[in-house]
Amino acid sequence: MKKTVLVVEDFASIRDFVCEILEKKGYHAIKTTNGNEALEVLSRQAEEISLVLSDYNMPECTGMELLKKIKANPATLPIPVVFLTTESDPVKMRTAKDAGLAAWVRKPYKADTFFALLENLSR
């Protein structure tokens with residue numbers, strides 16, 4: 001059975017690229033453009049989602065806001081959240097980790113390391 005990754009990214013080209021790579025690696029990817037859309041998907045499909053892969057800086061609902069909402073809901077609490085971002089502020093990184101973030105991956109990333117991480121984290 002394919003693992004499902006919820007991809008949350010406001011830039012279409014990055015979102016499409018990440019989803020395409022995930023699909024090639026055998027994952028099922030669901031595309032969303034911001035945290036609010038991701039929360040809508042999670043409200044309907046939380047049991048199907050193996051992992052949330054989110055950007056940090058997005059309009060409407062940031063990655064950090066999304067993380068806090070996921071970890072505050074018992075239905076979504078067990079879902080690992082990974083940030084895939086250009087953001088590198090150590091304070092933001094520490095705050096996210098304290099809020100329950102599973103991993104922080106800086107763009108650009110090394111594909112082998114990235115997919116090993118996803119495989120280890122996805123439920």
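Quick note: numbers below take in every heavy atom, side chains included, and nothing from hydrogens, waters or symmetry partners.
- Residues Glu87 and Trp104 share a closest heavy-atom pair of O-NE1, 3.1 Å.
- When every heavy atom of Pro59 is checked against every heavy atom of Asn34, the shortest pair comes out as O-CB, 3.6 Å.
- Taking hydrophobic clusters as Ile, Leu, Val, Met, Phe, Trp and Tyr residues chained together by side-chain heavy-atom distances below 4.5 Å, Leu117 shares a cluster with Phe17.
- Atom NE2 of residue His28 and atom NZ of residue Lys3 lie 15.0 Å apart, to the nearest 0.5 angstrom.
- Under the 4.5 Å side-chain heavy-atom criterion for Ile, Leu, Val, Met, Phe, Trp and Tyr, Phe11 and Phe114 are members of the same hydrophobic cluster.
- The nearest pair of heavy atoms linking Gly35 to Leu66 is O-CD1, 3.7 Å.
- Residues Ile14 and Leu53 fall within the same hydrophobic cluster, defined by Ile, Leu, Val, Met, Phe, Trp and Tyr side chains chained together at heavy-atom separations under 4.5 Å.
- A heavy-atom distance below 4.5 Å is found between the side chains of Thr95 and Met64.
- Considering every non-hydrogen atom in both Lys107 and Leu84, the closest pair reads CE-O, 3.2 Å.
- Connection of Tyr27 to Tyr109 is established within a shared hydrophobic cluster, with ILVMFWY side chains joined at heavy-atom distances below 4.5 Å, either directly or through further cluster members.
- Looking at every heavy atom in both residues, Ile79 comes nearest to Ala46 through CD1-O, 3.7 Å.
- In this structure, the separation between CD1 on Ile21 and CG on Leu118 is 12.0 Å, given to the nearest 0.5 Å.
- Interatomic distance, Ile30 CD1 to Leu22 CG, rounded to the nearest 0.5 Å: 11.5 Å.
- Expressed to the nearest 0.5 Å, how far OG of Ser54 lies from CG of Asp10 amounts to 9.0 Å.
- Judged by distance alone, the side chain of Ser50 and the main-chain N or O of Thr4 form a donor-acceptor pair under 3.5 Å.
- To the nearest 0.5 Å, the span separating CE on Met58 from OG1 on Thr85 amounts to 9.0 Å.
- Here the closest non-hydrogen pair linking Arg106 and Thr86 is NE-O, 3.6 Å.
- Among residue pairs with one or both ends in residues 66-84, none qualify as salt bridge (charged side-chain N to carboxylate O under 4.0 Å, His left out); sequence neighbours excluded.
- With rounding to the nearest 0.5 angstrom, the CG atom of Leu67 is 10.0 Å from the OG1 atom of Thr76.
- Between Phe83 and Tyr56, the angle of the ring planes goes over 60°, which puts this pair in the perpendicular group of the 30/60° scheme.
- Taking a 6.0 Å sphere around CG of Asp112, one finds it holds 12 or fewer heavy atoms contributed by other residues, nucleotides or ligands.
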side-chain contact (heavy atoms from CB on, under 4.5 Å) evaluation trace for Asp16 with Lys31: CA-CA 8 Å; Asp16 292 345; Lys31 299 177 187 180; 3.0 Å; yes
